[in-house]
Amino acid sequence: MHVLVLGGTTEARRLAEALVDTLPAAAKVTSSLAGRVASPKLPPGEVRVGGFGGAGGLAAWLRTHRVSALIDATHPFAETISFNAAAAAAAAHVPLLALRRPGWVPGEGDAWHPVGSLAEAARALPALGERVFLTTGRMGLAAFADLDRLWFLMRSVDAPDAPHPARMEVLLDRGPFTLEGECELIRRHRIDVVVTKDSGGAATAPKLAAAREAGIPVVVVRRPPVPQGVAVAATPEEALAWLRARGGSQT
């Protein structure tokens, strides 16, 4: 058996660890990383870095490397690779599962403003605040580049490229983050609005609780849907169960 995990998330690393520990010695686990982060945390098993060349390239890779199961454990907003995975799996006749951690749910006292895109988030900001904590990652900053009246604190793992807002301070950091740290960051930088993607998970969720405690609004970009017809698991444990149901524990 050969399992290909399209990774880059905490869940993908946890899944790779579980697969290496539980699959038979003859089985093979390969994790594929996009290569957008300079120093990623590598999972166990074999690792490849870089793209496949679209759905056709991925389908050819699945056939050439005799992949028997494909698990898309990429970021919930990695829409292109997810749709390529669906097309490639169908073309190569390989079972596909999407591993997606559940999205965040607003609680009592939250002032969330759901939007459908980064561009829509940018249009909403001027009416909500002037000092923005931007936590959508270094990709897509062009959507905010024309907001010259606003000041941005942008946090990401790696430094961003232009175009980006002119009035911007960059904070290079990697989660998990703490509620105490997020509250202090909001206080120190006098943040009055937060922008985030609905990535889900606990590692970066403290910013939402910090915004609630500070009484400031949060612009939340809704995640894109999983491709139609693709099975979904919420946890690595569910992904393992899906794999076992297809004979993964006996192969």
Side-chain angles (χ1 to χ4, degrees), residues 8-11 36-38 74-80 100-225:
T9 60
T10 301
E11 290 75 19
R36 291 180 177 177
V37 177
T74 56
H75 192 277
F77 283 83
E79 187 173 7
T80 299
R100 293 287 185 272
R101 56 184 178 247
W104 292 314
V105 178
E108 185 177 353
D110 284 326
W112 286 15
H113 297 261
V115 296
S117 65
L118 291 176
E120 191 176 339
R123 290 194 294 270
L125 276 178
L128 296 174
E130 297 181 351
R131 296 183 66 83
V132 184
F133 184 21
L134 187 59
T135 67
T136 56
R138 66 189 181 93
M139 310 297 289
L141 292 183
F144 306 92
D146 294 333
L147 298 177
D148 296 334
R149 292 181 55 251
L150 307 185
W151 180 88
F152 291 84
L153 175 67
M154 197 287 294
R155 182 168 67 192
S156 67
V157 176
D158 295 318
D161 297 321
H164 54 68
R167 302 176 62 206
M168 184 177 77
E169 179 178 331
V170 176
L171 176 61
L172 299 182
D173 204 356
R174 187 199 301 264
F177 303 105
T178 65
L179 175 58
E180 181 181 7
E182 299 292 67
C183 287
E184 170 59 20
L185 186 148
I186 287 174
R187 184 200 63 77
R188 185 171 70 252
H189 292 279
R190 295 180 288 117
I191 300 298
D192 57 13
V193 59
V194 176
V195 182
T196 186
K197 293 177 177 178
D198 181 17
S199 301
T204 60
K207 63 191 170 189
L208 303 173
R212 183 190 311 128
E213 290 195 8
I216 62 177
V218 181
V219 179
V220 182
V221 182
R222 292 185 293 267
R223 60 175 62 180

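Predicted model only: the values in this text are computed from it and were never measured.
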Residue pairs passing the salt bridge (charged side-chain N to carboxylate O under 4.0 Å, His left out) test with at least one member in residues 117-126, sequence neighbours excluded, are none
Could you pull out every donor-acceptor pair under 3.5 Å between side chains of residues 126-137 and any protein atom, sequence neighbours left out?
unit_1	atom_1	unit_2	atom_2	d
R131	NE	H189	O	2.8
R131	NH2	H189	O	3.1
T135	OG1	V195	O	2.8
T135	OG1	T196	OG1	3.4
T135	OG1	K207	NZ	2.9

side-chain contact (heavy atoms from CB on, under 4.5 Å) filter on A122, not counting sequence neighbours, yields F144, L147
I'd like a table of donor-acceptor pairs (distance under 3.5 Å, sequence neighbours excluded) in which one partner is a side-chain atom from residues 150-157, with atom names and distances.
unit_1	atom_1	unit_2	atom_2	d
R155	NH1	E182	OE1	2.8
R155	NH1	E182	OE2	3.4
R155	NH2	E182	OE2	2.8
S156	OG	D158	O	2.5

Sorted by chain and number, sequence neighbours left out, side-chain contact (heavy atoms from CB on, under 4.5 Å) with P176 holds for A203
Minimum side-chain heavy-atom gap T178-P206 below 4.5 Å: no
Heavy-atom nearest pair, S199 first then W104, reads N-CZ3, 3.7 Å
By ring-ring contact (aromatic ring centres under 6.0 Å, His included), H75 pairs with (sequence neighbours left out) F77
Applying side chain to side chain donor-acceptor pair (under 3.5 Å) to R101 and not counting sequence neighbours gives E11
Heavy atoms of A121 and V219 approach each other most closely as CB-CG1, 3.7 Å
Side-chain heavy atoms of H164 within contact of V170, under 4.5 Å:
no
From the list V218, V194, D198, side-chain contact (heavy atoms from CB on, under 4.5 Å) with W112 holds only for V218
Residues pairing under salt bridge (charged side-chain N to carboxylate O under 4.0 Å, His left out) where one sits in residues 187-196, two or more places apart or in two chains, turn out to be E184-R187, E184-R188
Applied to residues 141-154, the salt bridge (charged side-chain N to carboxylate O under 4.0 Å, His left out) test, sequence neighbours excluded, yields none
Across all chains, not counting sequence neighbours, the side-chain contact (heavy atoms from CB on, under 4.5 Å) partners of R212 are D110, A209
Heavy atoms of R223 and G103 approach each other most closely as NH2-CA, 3.4 Å
Would you say the side chain of H113 lies within less than 4.5 Å of the side chain of V193, judging by non-hydrogen atoms? no
Hits for side-chain contact (heavy atoms from CB on, under 4.5 Å) against A214, two or more places apart or cross-chain, chain-then-number order -> I186, I216
By side chain to side chain donor-acceptor pair (under 3.5 Å), T10 pairs with (sequence neighbours left out) R13
